[in-house]
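Notes for the one structure printed next.
As the structure lists them, so they are numbered: ligands from 1, and atoms in each ligand from 1. By convention here, the first residue in the shown sequence is residue 1.
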Amino acid sequence: MTLSPRSRRFALLGAAGFAAVALAVSPSLVAVADENTPVLRVEYESGTVDSGVAGLGVNECCGYSIDTTTLSRNGIGAVKHEVRYGDSAADGPRAESHTETIEATHFDSGDSVYYGFSVYIPSTWVFDETSEDIVFQWHNYKDSCDFKDRGPSAFLSVHTNGQWRLRYNSDSAACSTETSVVKQAQDLGAVKPGQWNDFVFKFDWSEGADGRIQVWHQTSKALGWVKVADRQGANTYNDVPTTIGYLKWGIYKPAWRTAPSNVSTRAVFHDNIAVGSTFTAVNPEGGPRGS
Ligand SMILES: [Ca+2]
Ligand SMILES: [Ca+2]
């Protein structure tokens, strides 16, 4: 694995406490501890919507938008995001949590990063054949010369065909225009409401040919990781180093910006959001860390 200088710095910062203890034991333990210690893990065991994580942000309009819940992947808690037609938060129909101010989670071209999370689609879910529901985003700022409505680098949605769909955007041009962005997508399997889905994504972020996205999936009712995607090629934008990306999870229904659809309320559940440098570090399966 290759980590950019930025990623290496954050991996060390995130594991600093553990590393200080391990140093007294054996130098060989330090590397293992660093590698498998996530720089972020949000388990919702604190009973609060920020999970006790400093800097975790929210985009919500209303009292019902974001709440903790006992419907958890593991441990005693998870988070529920709900959006209703007509809601607006952060300039859109959404209820999302985000890591905009958590520097350790920021990504940039050249970084190689694992992400893990669990997401639950309620058994009462009515599929919307007209518009997708976005449940996780690798969201980007934009350079001053990029066009205004440039989308995120990548996102996971419940697509109109009932599939989990990974969509990702890239651009080798320094100044993105509406026609220069390359949009790609891959279905990752049928969405099965009423059960937890575990995902692990590995992104080798690049606006060039050396980019790669690998995805693994399992459900709580059928444990056993299955690799569901391995896409080589560009997967992000050509931006200046200070233009970064961060994570968002919850529910975002972009089509409601302009028109209603066949559903008027959407609620989804998330648990175990993690960022790290190995699969083990971000694996959403298993009990809460430290318990
Ligand atoms: Ca939990
Ligand atoms: Ca750019």
Side-chain angles (χ1 to χ4, degrees), residues 4 6 38 40-53 56 58 66-81 97 99 106-111 115-122 135-136 138-154 168-183 195-200 205-208 211 218-221 223 233-247 249-250 267-276 281-291:
S4 71
R6 184 208 299 261
L40 176 82
R41 193 169 180 97
V42 185
E43 299 174 328
Y44 295 104
E45 298 300 293
S46 67
T48 57
V49 296
D50 69 357
S51 191
V53 175
L56 197 69
V58 293
I66 306 176
D67 206 355
T68 55
T69 171
T70 56
L71 197 168
S72 62
R73 171 66 177 90
N74 37 41
I76 59 171
V79 69
K80 176 187 178 186
H81 293 82
S97 297
T99 67
H106 293 171
F107 63 88
D108 202 354
S109 188
D111 292 342
Y115 305 90
F117 57 89
S118 301
V119 58
Y120 181 97
I121 304 300
V135 301
F136 200 96
W138 291 266
H139 192 86
N140 300 74
Y141 286 103
K142 289 178 275 293
D143 291 335
S144 57
C145 68
D146 294 324
F147 76 103
K148 176 176 173 289
D149 294 324
R150 193 181 74 172
S153 280
Y168 59 104
N169 303 316
S170 63
D171 194 351
S172 59
C175 295
S176 295
T177 66
E178 300 211 31
T179 56
S180 68
V181 173
V182 177
K183 298 182 177 182
Q195 54 192 291
W196 281 98
N197 293 261
D198 298 335
F199 282 100
V200 170
W205 291 109
S206 176
E207 74 270 22
Q218 66 176 10
T219 68
S220 58
K221 292 184 178 178
L223 293 175
N235 55 32
T236 191
Y237 298 108
N238 180 354
D239 290 336
V240 300
T242 52
T243 299
I244 52 85
Y246 59 95
L247 308 180
W249 59 92
V268 297
F269 301 74
H270 288 74
D271 206 354
N272 302 325
I273 296 92
V275 181
V282 305
N283 189 343
E285 185 181 345
R289 302 296 172 93
S291 68

- Only one of Asn235, Thr236, Val181 clears side-chain contact (heavy atoms from CB on, under 4.5 Å) with Asn169; which?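 Going through Asn235, Thr236, Val181 one by one, the side-chain contact (heavy atoms from CB on, under 4.5 Å) with Asn169 is satisfied by Val181 alone.
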
- Message: Using the ring-ring contact (aromatic ring centres under 6.0 Å, His included) criterion, which residues pair with Phe136? Sequence neighbours excluded.
- Response: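 By the ring-ring contact (aromatic ring centres under 6.0 Å, His included) rule, Phe136 matches Phe117, Trp138.
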
- Message: Any side-chain to backbone donor/acceptor pair from Asn272 onto Glu43? Under 3.5 Å, distance only.
- Response: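 No, because the side chain of Asn272 does not come within donor-acceptor range (under 3.5 Å) of the backbone of Glu43.
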
- Is a donor on one side and an acceptor on the other found under 3.5 Å between the side chain of Asp143 and the backbone of Thr243?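 Not confirmed, Asp143 side chain does not pair with Thr243 backbone.
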
- Would one find an N, O or S atom of Ile76, in either backbone or side chain, under 3.0 Å from the Ca ion (ligand 1)?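 It does not; every qualifying atom lies at 3.0 Å or beyond.
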
- Message: the Ca ion (ligand 1) and Asn74: any N/O/S contact shorter than 3.0 Å?
- Response: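 A backbone or side-chain N, O or S atom of Asn74 is under 3.0 Å from the Ca ion (ligand 1).
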
- Is the ring centre of Tyr141 less than 6.0 Å from the ring centre of Tyr246?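 When the ring centroids of Tyr141 and Tyr246 are compared, they turn out to be within the sub-6.0 Å range.
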
- Message: If we count only N and O atoms by modelled type, under 3.5 Å, do the side chains of Asp198 and Ser118 hold a donor and an acceptor together?
- Response: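 Looking only at side-chain atoms, Ser118 and Asp198 do form a donor-acceptor pair, the distance falling under 3.5 Å.
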
- Count, waters excluded, of protein N, O or S atoms under 3.0 Å from the Ca ion (ligand 2):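 Count of protein N, O, S atoms less than 3.0 Å from the Ca ion (ligand 2): 6.
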
- Message: Which atom name does Glu45 have for its N/O/S atom nearest to the Ca ion (ligand 1)?
- Response: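 The closest N, O or S atom of Glu45 to the Ca ion (ligand 1) is OE2.
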
- Query: Vertex the Ca ion (ligand 1): angle to O of Glu43 and O of Gly77, to 10°?
  - Reply: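 So the angle at the metal works out to 90°.
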
- Message: Suppose we screen for salt bridge (Lys or Arg N to Asp or Glu O under 4.0 Å). Which residues come up paired with Asp50, at least two apart in sequence or across chains?
- Response: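 For Asp50, no residue satisfies salt bridge (Lys or Arg N to Asp or Glu O under 4.0 Å) once neighbours in sequence are set aside.
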
- Item | Partner residues of Asp171 under the salt bridge (Lys or Arg N to Asp or Glu O under 4.0 Å) criterion, sequence neighbours left out |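 Testing Asp171 for salt bridge (Lys or Arg N to Asp or Glu O under 4.0 Å), a comparison that skips the adjacent residues, returns none.
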
